[in-house]
Structures are given as C-alpha cells and as structure tokens.
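Letters A, B, ... are given to chains in the order of the sequence lines, protein chains preceding strands, and every chain is numbered from 1.
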Protein chains: 2
Amino acid sequence: MRVSTKFSDTIHLLAFISVYQNIHITSAVIATSINTSPVVVRRLIGTLKEAGVVMTDAETHNPIFAKSPDEITLLDVYLLTEGHTPLFALDKETNPLCIVGANIQDVLTEIYHDAETAALMELDRHTMQDVIDRLLTADKVKKAQAASA
Amino acid sequence: MRVSTKFSDTIHLLAFISVYQNIHITSAVIATSINTSPVVVRRLIGTLKEAGVVMTDAETHNPIFAKSPDEITLLDVYLLTEGHTPLFALDKETNPLCIVGANIQDVLTEIYHDAETAALMELDRHTMQDVIDRLLTADKVKKAQAASA
DNA sequence: AATTATTGTAACCACAAAAGTTACGGAGGT
DNA sequence: ACCTCCGTAACTTTTGTGGTTACAATAATT
C-alpha cells in the first residue's frame, strides 16, 4: 500500500513553524522543507486550524501554535490526520455461514483494538515540544560533528 | 489505495484449517469462507509453507499446522504477511538543507519504533490457539442465543 | 493408462487511496 | 491598482492491493 505520510508531514509542518517563527513563512516555504507542493501544505494547515491547533498570527501572518507545543501530543496529531484509518485492517466480507467467517471479525476487532491502543498510548507520551527539542539537539550534534571533521 | 487484509485473511485461513480439519479442504473451500478467490488463498498458503507454519497432510492432503497453534503468535503471522510495511510511514523526501527536514526523519524513526513495538508486543501475547478458542466460544454463544430466541 | 481434481506460479487487470497539479476567487499589504 | 498569498475545488498521476486468467505439474480415481 502507498502508506500515508500525512501524519509525518503534519508533525514536520508543526516543527517547522516553531523553529522558523522568526522568518516569513508561506505555504511555499514549508513545502520546500517537506518537499511537497504548497497546496498540500495548505490542506494540512487547514486541518490544523479547524482543530484549533494552529492559527494565523495577526502581525506576521505566519501560522503559529494556537496551543502550547507541550500540550499537543503526537496522538492528538495522529487522530487529526489519520485517526480514521485503523492500523490493522479487518476483512469485512467474510462468510457468515461458516464458524470462522461468522466470528473472526469480532475476535480480531478485540485483539486489534488492544494492539492499536498500545501504539497510540506510546504516541501520547510524546509532545510536539519533545519533537522540537530533539530536532534542535540532533541538529547541534550534526553541526558539531561536521565542524570537527 | 486498497488497505491490505493479508494479515486478517491469513489468521482466518489458519483458524479455518484447524476448525475444519475433519473435512476435505481445498483452496476453493477456504476461499468461500474468506470470500476471496482460490488463487489468493493459495498464495497465502504458499507464504505459510515457506515459513514452516503449514504443511500438507500426507493422508488427507489438507493443509495442516506444521507447528502447534499455541506456538504461533499473531506477531509471527504479522511478520510473515505484512512485516515489511511500517505501521507509521516516514516521509523520506524531506529537504536536508533545513534544520527540520534534515533531522525529522531520525526523530520520528525513534518514536515510531517505540509505538510500533508496543503494538507488536500486544500481538505477540496472542497465539493462534487463543484465536481458535475465542472463535469456538463466540460461536457457541451465538448458537445458544439463536436457540433461545 | 486415461481422466479428473487440485496445486503452485506467473502474468495481467481493475480498483482505490493518497499525493500532486491546475485553476481561480478573495483577502490584505504596499 | 497591483502583487502576494491563502483556501478550495476539480482533476490527474501514482502505486500497492486483490482478483482473474492461464497453464504445467502432481496426485487420486476409475
């Protein structure tokens, strides 16, 4: 399957508007960083605005956080962008006249739910602020390594 | 694009060959239960045989378990069928000239790995025997309810 | 031995979800 | 007035799936 990158791209976008809040941010600028098109970026921002995660800064007109980055977890972002798609897909067309076909969906729904919840709890442990902090640290390390080489 | 049901279908198939081991099982019979085509079933069985999970019974020629159902976890089945697809997709085309684009992949790889591992650990807690037991119980309950109605 | 049933594969097709593209009206700043 | 950018709609492209067709090989049945 072509796996959706909306979740990753939205995190990227949020990190971007935090790190580069001192420059003039347009959808085209963000698109260059994500390596996509400005329209795609505007769509992502649209979802974030609708959810009250992002708003337009009155002065700079940049997109800015409407909530503090450490109040936004990756689970929040996930639910906004891909929450409709289950991590594990059920086959909904099984034969109801067969013991297995008639009951497998219920059994798998329970188990999948537990597994999915475990993953989502993990996403909920990380905030956007964590991601931004990690990014900046990773960048410092990379720069230092380049300088000493 | 279509969501993959290989994982669910393979669990279904394994449960089927356990529950119906007393009848003559062909790929067409299994296909009727999963509601798919015999060729698709043969492909799934092919993967299972290759992995040593299933073999052909010398007498009946039915596909049978090559390992005990309580030694096969859902994680084993998952890795066989969809192990190549990450649960959370990275965008691999980010711009390396940007602080965010250059480092976001590393940061997300770490976090996604933790979340994915949490889900897979949960899958590893359930064996095929669990699934079969649950199926049969669910069926008994359903039949009893139908009789008393 | 001939016939029938089934498997294992390969090659090809159809479908659907996602992203990318084009287009354009509207808002705001200069 | 002009320019830039946003928001949105409509359309196209891409690509992983499952489904289909086809056929040689194998085994059971007569």
### Short side-chain N/O contact from Ser4(B) to OP1 or OP2 of dG18(D), under 4.0 Å
yes
### Message
Categorize His84(A) for me: base, sugar-phosphate, or nothing, with a 4.0 angstrom heavy-atom threshold over every strand shown.
### Response
nothing
### Message
Can you see if the side chain of Ser27(A) gets near the phosphate of dC6(D) - specifically, an N or O under 4.0 Å from OP1 or OP2?
### Response
yes
### Residue closer to the 5' end of DNA chain C, Arg42(A) versus Asp91(B) (nearest nucleotide)
Asp91(B)
### Between Glu71(A) and Thr127(A): side-chain donor-acceptor atoms closer than 3.5 Å
no
### Task
Examine the side chains of Ser4(B) and Glu82(B) and answer whether a donor and an acceptor come within less than 3.5 Å of each other.
yes
### Task
Determine whether the side chains of Asn95(A) and Asn35(B) contain a donor N or O and an acceptor N or O closer than 3.5 Å.
no
### Message
Quick check on dT6(C): is either OP1 or OP2 less than 4.0 Å from any side-chain nitrogen or oxygen of His61(B)?
### Response
no
### Task
Give a yes/no answer on whether the side chain of Thr56(B) brings an N or O atom under 4.0 Å of OP1 or OP2 in dT7(C).
no
### Message
Quick one about Asp57(B) and Thr60(B) (side-chain donor to acceptor, distance below 3.5 Å, no hydrogens or angles considered), yes or no?
### Response
yes
### Task
When you get a sec, tell me which of dA9(D), dG19(D), dA18(C) is the closest nucleotide to the side chain of Thr85(A)?
dA18(C)
### Closest to the Val39(A) side chain, choosing from dA19(C), dG19(D), dT8(D)
dT8(D)
### Query
Which nucleotide, dT17(D), dT7(C), dC5(D), lies nearest any side-chain atom of Lys49(B)?
dT7(C)
### Query
Would you say dG18(D) has OP1 or OP2 under 4.0 Å from some side-chain N or O of Thr5(B)?
yes
### Message
Nearest to the Lys6(B) side chain among dT17(D), dA19(C), dT7(C), which nucleotide is it?
### Response
dT17(D)
